[in-house]
Amino acid sequence: MTLHRHDRHFDGMADKFERSMYGASRGQLRLSLLQEGLREEWPQARAPLLDIGAGLGHMAEWAVDEGYPVTLIEPSFDMLERAQQRLAGREQAAYQCDLQHAFATVGGPWPRIFCHAVLEWMADPYAAFPILGQLLAPGGYLSLMAYNRDGLIMSNVVKGNLARVQKGELAGRGTRQRLTPISPLSHDRIVEALAAEGLEVVSVTGIRVFHDYLRERHPDEQTLEQLFDLERRYARVEPFWRLGRYLHYIVRRPAS
């Protein structure tokens, strides 16, 4: 049960995301692993793609450069505006809209969907799965990335926040400019929710299975190079992927 009554949107926080996420090694690693996983696991059909919660447009930019016709939806006006600036000169469509209103806004179903780091900012993330099921076309593929509750437990223990873990007080409060998600998700429940919509998990990858547990918050370039190599080696290896900060799922709807 969640204590949060409202989804968390990020109006007025585009600069913080650009600086603290994508300007740092954690964001660079996240993008790199996402893109590598998509190149390996997605059929490269260059089909129309819906990017839900497109944020600053980094993954939409990658998809456009890979040849996908992209439609972006993002509830935050300034995040969407920044994404459109990033994609300036490239063919794209963009709408200010949240996941709950996606079908009414852009229609469907869609042969390709991105939904990255969205569900954990919803008051009721598991209510999103029927919507994703409605949006995904038969034979279509969904790239779903969610903030991992198990990784959050491990991170808090490593940091010494033992009482917080004992009390189950893991979620962020969704206030000010803090970026701890309000609704971290568990792997088993994600798989169950996908199966309930007739969706099949093709692969699961742990995103940042080591990075966020380092004692050194700002590793040097040589350490980062070694770390990125280890992240790639162990991202799908038991038990390491289960402790990733995020879990990335490649999901498909059977054609029939």
Side-chain angles (χ1 to χ4, degrees), residues 1-10 12-13 15-34 37 53 55 116-126 144-191 204-249:
M1 181 176 68
T2 180
L3 299 178
H4 306 281
R5 296 181 180 179
H6 304 290
D7 297 352
R8 177 81 191 274
H9 297 162
F10 296 102
M13 293 183 63
D15 287 338
K16 180 176 177 62
F17 268 87
E18 191 75 72
R19 179 180 64 255
S20 66
M21 175 59 74
Y22 296 107
S25 57
R26 59 177 179 166
Q28 296 160 12
L29 180 57
R30 187 173 98 172
L31 286 174
S32 177
L33 291 172
L34 270 175
H116 300 147
V118 173
L119 304 191
E120 60 264 28
W121 297 108
M122 298 176 65
D124 183 3
Y126 295 100
L144 176 69
M145 185 178 73
Y147 197 86
N148 179 19
R149 189 176 187 276
D150 291 338
L152 186 58
I153 291 172
M154 184 66 176
S155 178
N156 274 280
V157 171
V158 168
K159 292 174 182 176
N161 300 327
L162 307 186
R164 183 177 181 183
V165 175
Q166 286 180 316
K167 296 175 183 177
E169 297 175 349
L170 300 170
R173 298 183 181 276
T175 59
R176 294 178 291 183
Q177 292 203 343
R178 300 299 297 273
L179 294 179
T180 300
I182 64 173
S183 299
L185 291 86
S186 70
H187 169 67
D188 289 344
R189 289 198 64 189
I190 290 172
V191 172
V204 186
T205 301
I207 305 292
R208 303 204 315 256
V209 301
F210 301 125
H211 178 282
D212 291 20
Y213 306 119
L214 294 182
R215 294 179 181 176
E216 175 56 59
R217 291 182 60 84
H218 303 288
D220 59 36
E221 288 301 319
Q222 181 179 357
T223 301
L224 283 176
E225 184 176 344
Q226 293 173 312
L227 179 63
F228 276 39
D229 175 67
L230 291 171
E231 292 278 359
R232 292 184 178 97
R233 288 192 200 183
Y234 291 98
R236 298 181 191 169
V237 176
E238 292 274 11
F240 304 104
W241 68 262
R242 292 181 177 273
L243 291 178
R245 177 65 75 176
Y246 296 88
L247 298 177
H248 178 217
Y249 300 82

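Met145 is not listed as a side-chain neighbour of Tyr249, based on a closest heavy-atom distance of 4.5 Å or more. In this structure, the side chains of His248 and Leu33 stay at 4.5 Å or more apart for every pair of heavy atoms. Residues Ser155 and Asp212 fail the side-chain proximity criterion, which asks for heavy atoms closer than 4.5 Å. For the pair Leu227 and Leu214, the minimum side-chain heavy-atom distance is below 4.5 Å. In this structure, the side chains of Leu119 and Leu144 come closer than 4.5 Å at one or more pairs of heavy atoms.
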Given the rule in the side chain to side chain contact (heavy atoms under 4.5 Å, CB included) test, do Thr205 and Leu247 qualify, once you have shown the distances and angles that lead to the verdict?
CA-CA 6 Å; Thr205 301; Leu247 298 177; over 6 Å; no
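Remark: Glu221 pairs with Leu224 by the side-chain contact (heavy atoms from CB on, under 4.5 Å) rule, at least two apart or across chains. Every residue meeting the side-chain contact (heavy atoms from CB on, under 4.5 Å) condition with Asn156, not counting sequence neighbours, appears here in chain and number order: Leu152, Asn161, Arg164, Val165, Leu170.
Checking side-chain atoms of Tyr213 against main-chain N and O of Leu243 turns up a donor-acceptor pair under 3.5 Å. Using a distance-only test at 3.5 Å, with no hydrogens or angles considered, no donor-acceptor pair links the side chain of Glu120 to the main chain of Pro181. Although no hydrogens or angles enter the test, the distance criterion places a donor-acceptor pair under 3.5 Å between the side chain of Ser183 and the main chain of Met122. Between the side chain of Asn148 and the main chain of Arg242, a donor-acceptor pair closer than 3.5 Å is present.
If you take OH on Tyr126 and CD1 on Ile190, they are separated by 5.5 Å, rounding to the nearest 0.5 Å. Atoms CG and OH, on Leu29 and Tyr246 in that order, are 11.5 Å from each other to the nearest 0.5 Å. The line from NE2 of His211 to CZ of Arg30 is 12.0 Å long, rounded to the nearest 0.5 Å.
A 6.0 Å sphere centred on CZ of Arg245 holds more than 12 heavy atoms belonging to other residues, nucleotides or ligands. More than 12 heavy atoms of other residues, nucleotides or ligands sit less than 6.0 Å from atom CZ of Arg232.
Between Phe210 and Tyr234, the ring-plane angle classifies as perpendicular under the 30° and 60° cut-offs.
Residue pairs meeting the salt bridge (Lys or Arg N to Asp or Glu O under 4.0 Å) criterion with at least one partner in residues 222-231, sequence neighbours excluded, are Asp229-Arg233.
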